[in-house]
Undergrad: 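Structure below; questions to follow.
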Amino acid sequence: MNNKLTIFFFINFLIFAQSCATSQQGTEQVVTFKSVPSGATVRTNHGYSCAITPCKIKLPRNKSFEVTISKPGFTTETVKVNSTPSAAGAVGVAGSALIGGVIASGYDVYKGGVFELSPSEINIKMQSTTAMVLEEIRGISNMNLFNN
């Protein structure tokens, strides 16, 4: 009889451990940043950065943010990354609510286990500012400014 009770508690523990969104997904997510050309600097508006692309940054799942990618001689690009509810997180919150009640599911939402960052990979093509200036000069030089 003791073995049956041990098995019962072990199975319930496994169900509980798998039902929590925070334990399934964690509170952080790795986002990949790539640029053409490589070697650009990445900075988020909530304080995270990496010095040279390509790079990966572990970011909190529960905060949307903007990321700026820049490199001298090239255009600076800004991209919005959204924190949105995920399907796996929703399943985890449902499990937390069933097993742990409102407090457990509230913890998942508060810590960010129910969210995912989208896009999770950012690929930016930066334009050469030198090439843009030369194109403007070429356009101006091809204008017929003096009509005779």
Undergrad: Determine, stepwise, if the pair R61 / T27 fulfils side-chain contact (heavy atoms from CB on, under 4.5 Å).
TA: CA-CA 6 Å; R61 290 180 174 276; T27 58; 5.7 Å; no
Undergrad: Picking from V42, V30, V31, V67, what satisfies side-chain contact (heavy atoms from CB on, under 4.5 Å) with I57?
TA: V42
Undergrad: Between L59 and Q29, is the side-chain contact (heavy atoms from CB on, under 4.5 Å) condition met? List the steps.
TA: CA-CA 5 Å; L59 298 160; Q29 177 180 335; 6.0 Å; no
Undergrad: Who pairs with S83 by side-chain hydrogen bond (donor to acceptor under 3.5 Å, both in side chains), at least two apart in sequence or on another chain?
TA: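 Testing S83 for side-chain hydrogen bond (donor to acceptor under 3.5 Å, both in side chains), a comparison that skips the adjacent residues, returns none.
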Undergrad: Suppose we screen for ring-ring contact (aromatic ring centres under 6.0 Å, His included). Which residues come up paired with F74, at least two apart in sequence or across chains?
TA: none
Undergrad: According to ring pair (Phe, Tyr, Trp, His ring centres under 6.0 Å), does anything in residues 26-46 pair up with another residue at least two apart or in another chain? List the pairs.
TA: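 Of all non-adjacent pairs touching residues 26-46, those that pass ring pair (Phe, Tyr, Trp, His ring centres under 6.0 Å) are H46-Y48, H46-F65.
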Undergrad: Pairs in or reaching into residues 63-72: which pass side-chain hydrogen bond (donor to acceptor under 3.5 Å, both in side chains), with residues at least two apart or in two chains?
TA: none
Undergrad: Does one hydrophobic cluster hold both I69 and L117, with members joined at side-chain heavy-atom distances below 4.5 Å?
TA: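 Result: yes, single cluster for both.
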Undergrad: Please check if the number of heavy atoms outside K80 that lie under 6.0 Å from its NZ is greater than 12.
TA: yes
Undergrad: Working to the nearest 0.5 Å, report the span between OG1 of T76 and CD of Q127.
TA: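 Rounded to the nearest 0.5 Å, the OG1-CD separation comes out at 12.5 Å.
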Undergrad: Does anything in residues 51-86 form a disulfide (SG to SG under 2.5 Å)? List the pairs, not counting sequence neighbours.
TA: C50-C55
Undergrad: Sequence neighbours excluded, which residues qualify as side chain to side chain contact (heavy atoms under 4.5 Å, CB included) partners of E77?
TA: T75, I124, M126
Undergrad: With sequence neighbours left out, what residues match K34 under salt bridge (charged side-chain N to carboxylate O under 4.0 Å, His left out)?
TA: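 With neighbours one apart ignored, the set is E121.
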Undergrad: What salt bridge (Lys or Arg N to Asp or Glu O under 4.0 Å) pairs are there with at least one residue in residues 35-48, not counting sequence neighbours?
TA: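 Salt bridge (Lys or Arg N to Asp or Glu O under 4.0 Å) check on residues 35-48 returns no pairs.
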Undergrad: Between E28 and K58, what is the shortest heavy-atom contact and its length?
TA: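 So the minimum-distance heavy-atom pair works out to OE1-CD, 3.0 Å.
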Undergrad: Just to verify, what does T41 make a side-chain hydrogen bond (donor to acceptor under 3.5 Å, both in side chains) with, not counting sequence neighbours?
TA: none
Undergrad: Would you confirm whether T53, through its side chain, and A40, through its main-chain N or O, come within 3.5 Å as a donor-acceptor pair?
TA: yes
Undergrad: Tell me if a side-chain donor or acceptor on T129 pairs with a main-chain N or O of G73 at a distance below 3.5 Å.
TA: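 Checked: pair present.
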